[in-house]
Q: 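Input: one structure, supplied below.
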Amino acid sequence: MSFFDHKDFDNHEQVTWFTDPETGLKAIIAIHNTRLGPALGGTRFYPYATDDDALTDVLRLSRGMTYKSAMARLPLGGGKSVIIGDPKQEKTAAKMRAFGNCLNRLGGRYIAAEDSGTGVPDMKAIHEVSDFVSGYHDKQDAHGGSKSGDPSPATAYGCYLGIKAAVQHKLQRDDLQGLTVGIQGLGNVGYRLAIMLAKDGVRLIACDVNPDALDKAKAELGAQIVGLDDIYSANMDIFAPCALGATVNPESLAKMNASIIAGSANNQLDRIETGELIHQRDICYAPDYVINAGGIIDVCYEKLGEYDPERVNKHIEGIYDTLLEIFERSERTQTPTSHLADEIARERLQDTPPTLGMKASA
Ligand code: NAD
C-alpha cells in the first residue's frame with residue numbers, strides 16, 4: 001500500500017522516519033500543518049507492536065494537535081512524534097539527545113513536548129542539544145505551585161472550567177455545589193481536577209488502577225471508590241474521563257446516566273459516529289481537544305514568550321467561552337458537539353495566525 005493511501009494520512013505536510021544505530025533510536029515525526037505556526041506536539045515513547053501502529057498513531061495525533069491549537073487560538077501548528085520502544089527498558093538520556101539531533105534537522109518546523117512515556121527529565125535531555133523542545137523549564141506554575149515544565153496543572157484548570165461551562169449550559173447553574181462527578185483516572189490531571197472540584201463542594205466518585213491514588217482520594221477528598229467497570233453506571237451528574245482514550249463508546253454509554261461528559265483524556269470517543277450517539281442521548285459532551293487544551297496553552301507561552309502565569313490563566317479561561325459557543329451552536333443546529341468542534345477548528349485554522357502579543361524567542 002502506498003503511504004499516501006494510508007487511512008490516517010490527511011495531507012500531512014511532512015512525515016519523517018529517523019534512526020540512530022548508536023543509541024537504537026527509531027522515531028517518526030509527523031508535521032500535519034504549520035499554517036498558524038511551528039508544529040508543536042508531544043513525543044510518545046511506546047512499545048508499538050508494529051511500525052504501522054506507530055505510523056497510525058503519529059498521523060492521527062499530529063492531526064489532532066492542528067485542531068487543538070487552532071481551536072485554542074495559539075500560533076502553533078500540529079505535529080507529533082513517536083519513539084518506538086519500551087520507555088521503562090529502552091529509554092536513555094543518550095537516545096533522547098539523539099532524538100534532539102533529529103529535531104535540529106527539521107530546523108524548528110516541529111517542537112517536541114512531553115507525552116506518554118516521556119517527562120520533564122527527557123525534555124531536559126533533548127534540550128541539551130536542541131532548542132526545539134518545550135516543557136523543560138523550571139518555572140513558577142500558576143495552578144498549584146509545581147515548579148516544573150509539567151503542563152498537567154494547566155490542563156486540570158481548563159477541565160475544571162470546561163465542567164463549569166457544561167454545567168452552566170446543561171443545568172443552568174453557575175456553581176457546582178452538591179453535584180456528583182465520576183472521575184476515571186486520578187493521575188497528574190485527574191487528581192488535580194478532583195481537588196478543585198472538592199473545593200467547590202462536589203461529591204466525587206473515582207476509579208483508578210493505582211490503589212495508592214484511590215486511598216489518597218478517599219482520605220483527602222472523601223471520594224467514593226468504585227471498580228473500573230462500575231464508573232460508567234455510577235450515579236453521577238458528570239462523567240470525567242481522565243485516563244485512557246476510547247472509553248466513551250456505545251457500551252459505556254448504554255450504562256451511563258450522567259448528563260455531561262467532560263474530562264481530560266485524549267481521543268475519548270471510540271469512533272466519530274459515537275458523537276452522534278451522544279447527541280441522540282441528549283448528553284452534553286465537551287469535545288476532548290477543546291477542554292484539555294490548558295496544557296498546550298501553558299507550553300505555548302513557555303516556549304514562545306515570557307511565561308506570565310496570569311496571562312496563561314486568562315488564555316485558559318477562553319476554554320469556557322469556546323465550549324459555551326459549541327454547546328449553543330450544537331443546540332441551535334442540532335449537530336453533535338464533536339462535529340461542531342471540528343468545524344470551528346477548521347474555521348479558526350483559516351484565521352490570521354494569532355501573535356499572543358509576545359515577542360518570539362526560542
Ligand atoms: P497520568 O498517566 O498521570 O494519569 C492517568 C491515570 O489513569 C493514572 O492514575 C492511571 O493509574 C489511571 N488509569 C490507567 N488505566 C486506567 C483505567 N483502565 N481505569 C481508570 N484509571 C486508569 O496521565 P495524565 O497526565 O493525568 O493524563 C490523563 C489523560 O489526559 C490522558 O489521556 C492524557 O493523554 C490526557 N491529557 C493530559 C494532558 C496533561 O497535561 N497531562 C494534556 C492533555 C491531555
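No hydrogens, no waters, no symmetry mates; every other heavy atom, side chains included, goes into these values. Given the structure is predicted, the values throughout are model-derived calculations rather than measurements. Counting starts at 1 for both ligands and their atoms, following the listed order.
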Q: Give a yes/no verdict on a cation-pi contact between K216 and Y191, requiring under 6.0 Å between NZ or CZ and the six-membered ring centre and an angle within 45° of the axis.
A: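 Yes, cation above the ring, under 6.0 Å and within 45°.
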Q: With only distance considered, is N266 within less than 3.5 Å of ligand 1 through an N or O on each side?
A: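 Yes.
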Q: Give the residue and atom name of whichever protein heavy atom lies nearest to atom 14 (C) of ligand 1, and the separation in Å to one decimal.
A: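 Heavy-atom neighbour on the protein nearest atom 14 (C) of ligand 1: V209 CG2, 3.6 Å.
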Q: With the threshold set at 4.0 Å, does a side-chain nitrogen-carboxylate oxygen contact exist between D351 and R73?
A: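 R73 and D351: salt-bridged.
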Q: If you have a sec, work out which protein heavy atom is nearest atom 29 (C) of ligand 1 and how many Å separate them, to one decimal?
A: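 It is S264 OG, 3.5 Å.
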Q: For atom 4 (O) of ligand 1, what is the nearest protein heavy atom, given as residue, atom name and distance?
A: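 Answer for atom 4 (O) of ligand 1: G187 CA, 3.2 Å.
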Q: Ring centroids only, cut at 6.0 angstrom: are F9 and F4 within range, meaning strictly under it?
A: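 Here the rings of F4 and F9 have centres that are less than 6.0 Å from each other.
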Q: Out of D288, T155, N210, whose heavy atom is nearest to atom 42 (C) of ligand 1?
A: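 Result: the heavy atom closest to atom 42 (C) of ligand 1 is in T155.
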Q: Quick check: does any side chain N or O of K91 sit under 3.5 Å from a backbone N or O of G117, one acting as donor and the other as acceptor?
A: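 Yes, because the side chain of K91 sits within donor-acceptor range (under 3.5 Å) of the backbone of G117.
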Q: Where's the contact between I296 and ligand 1, heavy-atom distance under 4.0 Å: side chain, backbone, both or neither?
A: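 Within the 4.0 Å criterion, I296 makes no contact with ligand 1.
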Q: Give a yes/no on ligand 1: does A213 have at least one heavy atom closer than 4.0 angstrom to it?
A: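 No.
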Q: Any side-chain heavy-atom pair from H279 and Y285 closer than 4.5 angstrom?
A: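 Heavy-atom side-chain distance check fails, nothing below 4.5 Å.
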Q: Report the nearest protein non-hydrogen atom to atom 43 (C) of ligand 1: residue, atom name, distance rounded to 0.1 Å.
A: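 The protein heavy atom lying closest is N292 O, 3.7 Å.
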Q: Is it the case that D122 and Y136 place a side-chain donor and acceptor less than 3.5 Å from each other?
A: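 Looking only at side-chain atoms, Y136 and D122 do not form any donor-acceptor pair under 3.5 Å.
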Q: Do T34 and E13 get their side chains close enough for a donor-acceptor pair, meaning under 3.5 Å?
A: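 Yes, E13 and T34 have a side-chain donor paired with an acceptor closer than 3.5 Å.
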Q: Considering L186, V189, D208, L214 one by one, which has a heavy atom nearer to atom 11 (O) of ligand 1 than any of the others?
A: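 Residue with the shortest heavy-atom distance to the ligand atom: D208.
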Q: Between C242 and ligand 1, which part of the residue brings a heavy atom under 4.0 Å of the ligand: side chain, backbone, both or neither?
A: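 It is the backbone that gets close, since no side chain atom is under 4.0 Å.
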Q: Does an N or O from Q184, backbone or side chain, lie closer than 3.5 Å to an N or O of ligand 1?
A: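 The answer is no, given that Q184 and ligand 1 share no N or O pair closer than 3.5 Å.
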Q: Among all protein heavy atoms in this structure, tell me which lies nearest to atom 19 (N) of ligand 1, with the distance rounded to 0.1 Å.
A: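 I find the closest protein heavy atom is L228 CD2, 3.5 Å.
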Q: Give yes or no for whether the N/O distance cutoff of 3.5 Å, strictly under, is met between A243 and ligand 1.
A: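 The answer is yes, given that A243 and ligand 1 share an N or O pair closer than 3.5 Å.
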Q: Without swapping roles, check the side chain of R44 against the backbone of S116 for a donor-acceptor pair under 3.5 Å.
A: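 Checking the backbone N and O of S116 against the side chain of R44, no donor-acceptor pair under 3.5 Å is found.
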Q: Just to confirm my output: which protein heavy-atom neighbour is closest to atom 18 (N) of ligand 1, and how far is it?
A: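 Sorting protein heavy atoms by distance from atom 18 (N) of ligand 1 puts L244 CD1, 3.4 Å first.
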Q: R44 versus ligand 1: do any nitrogen or oxygen atoms come within less than 3.5 Å of each other?
A: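 R44 vs ligand 1: no N/O contact under 3.5 Å.
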Q: Assess the side chains of Q184 and T247: does a donor N or O sit below 3.5 Å from an acceptor N or O?
A: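 Yes.
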Q: Any side-chain heavy-atom pair from Q224 and V226 closer than 4.5 angstrom?
A: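 Q224 reaches V226 side chain to side chain.
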Q: Transitively linked via ILVMFWY side-chain contacts under 4.5 Å: V312 with M196?
A: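 Cluster IDs for V312 and M196 match.
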Q: Please identify which atoms of ligand 1 are closer than 4.0 Å to at least one heavy atom of A265.
A: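 Counting from 1, the qualifying ligand atoms are 29 (C), 30 (O), 32 (O), 35 (C).
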Q: Provide, to 0.1 Å, the distance between atom 41 (N) of ligand 1 and the closest protein heavy atom, together with that atom's residue and name.
A: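 Answer for atom 41 (N) of ligand 1: S152 OG, 3.1 Å.
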Q: Are any non-hydrogen protein atoms located under 4.0 Å from atom 23 (O) of ligand 1?
A: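 No, there is none.
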Q: With nothing but distance in play, are any N or O atoms of K68 less than 3.5 Å from an N or O of ligand 1?
A: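 Such a contact does not occur with ligand 1.
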Q: G185 heavy atoms, cut-off 4.0 Å: which ligand 1 atoms fall inside?
A: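 In order of numbering, the contacting atoms are 7 (O), 21 (N).
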Q: For atom 25 (O) of ligand 1, what is the closest protein heavy atom, and at what distance to 0.1 Å?
A: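 Going atom by atom, the protein heavy atom closest to atom 25 (O) of ligand 1 ends up being N188 CB, 3.7 Å.
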Q: For the residue pair D342 and Y289, confirm or rule out a side-chain donor-acceptor distance under 3.5 Å.
A: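 A donor-acceptor contact under 3.5 Å links the two side chains.
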Q: Charged N to carboxylate O below 4.0 Å: is that the case for E251 and K255?
A: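 The answer is no: the pair does not qualify as a salt bridge.
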